[in-house]
Amino acid sequence: QLQLVESGGGLVQPGGSLRLSCAASGSTLDYYAIGWFRQAPGKEREGVSVISSGGGRTNYADSVKGRFTIFRDNAKNTVYLQMNSLKPEDTAVYYCAADPVALRGLESRWYDYWGRGTQVTVSS
């Protein structure tokens, strides 16, 4: 029932910023922890960040701590990923996903619902 759609990706120079959005339909996001994942060419999918259903807890991968911020607006049924100080190694397709139980971690196995992804390219 739940559907997720990512937006906000694009081409940005190193040091720049982007804000990704994950919009939900078919159900309220109030019941779900939401994670952001990314997959670069030739690499496995990795967890980037996750936020609890109420927004009170967040986790980040070490590679993005201090640069990325996850937050949510449940009234708008949307979760955001603010990405600052972007580096070329951040280039990837970014996916949002929903965990229906709790904030359980950044492993893909916890997430039942996935968006189709949005491309982020960091290049000079």
Side-chain angles (χ1 to χ4, degrees):
Q1 183 80 288
L2 179 68
Q3 294 181 333
L4 304 174
V5 179
E6 304 93 339
S7 62
L11 176 64
V12 64
Q13 293 189 342
S17 298
L18 285 173
R19 188 172 76 177
L20 305 183
S21 299
C22 176
S25 62
S27 183
T28 176
L29 282 185
D30 293 353
Y31 301 99
Y32 301 92
I34 301 296
W36 284 97
F37 298 79
R38 66 187 182 187
Q39 187 165 26
K43 292 189 174 182
E44 295 183 346
R45 184 168 57 197
E46 63 175 336
V48 175
S49 184
V50 59
I51 188 168
S52 61
S53 60
R57 291 187 294 153
T58 58
N59 289 346
Y60 297 91
D62 289 342
S63 59
V64 306
K65 286 181 180 177
R67 299 188 298 121
F68 290 10
T69 303
I70 190 170
F71 60 101
R72 66 194 298 160
D73 186 344
N74 283 349
K76 296 181 178 179
N77 232 18
T78 302
V79 175
Y80 305 91
L81 184 69
Q82 179 67 46
M83 305 186 295
N84 298 327
S85 301
L86 283 163
K87 304 175 180 179
E89 50 262 46
D90 295 318
T91 296
V93 177
Y94 283 71
Y95 303 87
C96 65
D99 181 345
V101 176
L103 194 168
R104 291 183 282 180
L106 284 171
E107 298 93 352
S108 296
R109 59 190 170 99
W110 301 125
Y111 296 84
D112 292 339
Y113 306 96
W114 293 79
R116 295 185 181 275
T118 185
Q119 177 71 48
V120 172
T121 302
V122 185
S123 176
S124 60

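Just so it is clear, the model here is predicted, and its values are computed rather than measured.
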Hey, could you give me the [atom1]/[atom2] distance between [X] and [Y], rounded to the nearest 0.5 Å?
X      : Y      : atom1 : atom2 : result
Leu86  : Thr121 : CG    : OG1   : 11.0 Å
Ser53  : Asn74  : OG    : CG    : 7.5 Å
Ile51  : Asp99  : CD1   : CG    : 13.5 Å
Tyr60  : Thr69  : OH    : OG1   : 4.5 Å
Gln119 : Leu11  : CD    : CG    : 9.5 Å

**Request:** Could you tell me if the ring centre of Phe68 sits under 6.0 Å from that of Trp36?
**Result:** no
Quick check: is [Y] connected to [X] through a chain of hydrophobic side chains (ILVMFWY, heavy atoms under 4.5 Å apart)?
X      : Y      : result
Trp110 : Val79  : no
Leu18  : Val48  : yes
Val120 : Val5   : no
Val93  : Phe37  : yes
Leu81  : Trp114 : no

**Prompt:** Is the count of non-hydrogen atoms from other residues, nucleotides or ligands lying under 6.0 Å from Arg104 atom CZ greater than 12?
**Reply:** yes
**Asked** In this structure, are over 12 heavy atoms from other groups packed under 6.0 Å from Glu89 atom CD?
**Response** yes
Could you tell me if the side chain of [Y] sits less than 4.5 Å from the side chain of [X], heavy atoms only?
X      : Y     : result
Thr28  : Asn77 : yes
Tyr111 : Val50 : yes
Arg67  : Met83 : no

**Message:** Is it the case that the side chain of Ser52 and the backbone of Leu103 share a donor-acceptor pair, with hydrogens and angles ignored and the cut-off at 3.5 Å?
**Reply:**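 It does not hold such a pair.
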**Message:** The criterion is ring pair (Phe, Tyr, Trp, His ring centres under 6.0 Å); which residues satisfy it with Phe71, sequence neighbours excluded?
**Reply:**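 Per chain and number, Phe71 pairs via ring pair (Phe, Tyr, Trp, His ring centres under 6.0 Å) with Tyr80.
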Smallest separation among heavy atoms of [X] and [Y], with atom names:
X     : Y      : result
Ala33 : Ala102 : CB-O, 3.5 Å
Gly9  : Leu20  : N-CD2, 3.6 Å
Ser17 : Ser85  : OG-N, 4.3 Å
Ile34 : Cys96  : CG2-CB, 4.4 Å
Ile70 : Ser49  : CG2-OG, 3.1 Å
Ala61 : Gly47  : CB-O, 3.5 Å

**Message:** For a side chain to side chain contact (heavy atoms under 4.5 Å, CB included) check, start with the C-alpha distance between Ser63 and Arg38, then their side-chain angles and the critical distance, and finish with the verdict.
**Reply:** CA-CA 12 Å; Ser63 59; Arg38 66 187 182 187; 3.4 Å; yes
**Item:** Electrostatic pair Asp90-Lys87, nearest N-O below 4.0 angstrom
**Value:** no
**SB check Arg116 Glu6 (cutoff 4.0 Å)** = no
**Complete:** Residue set satisfying side chain to side chain contact (heavy atoms under 4.5 Å, CB included) with Leu2, at least two apart, ordered chain then number -> Leu4, Ala24, Ser27, Leu29, Tyr32, Ala98, Tyr113
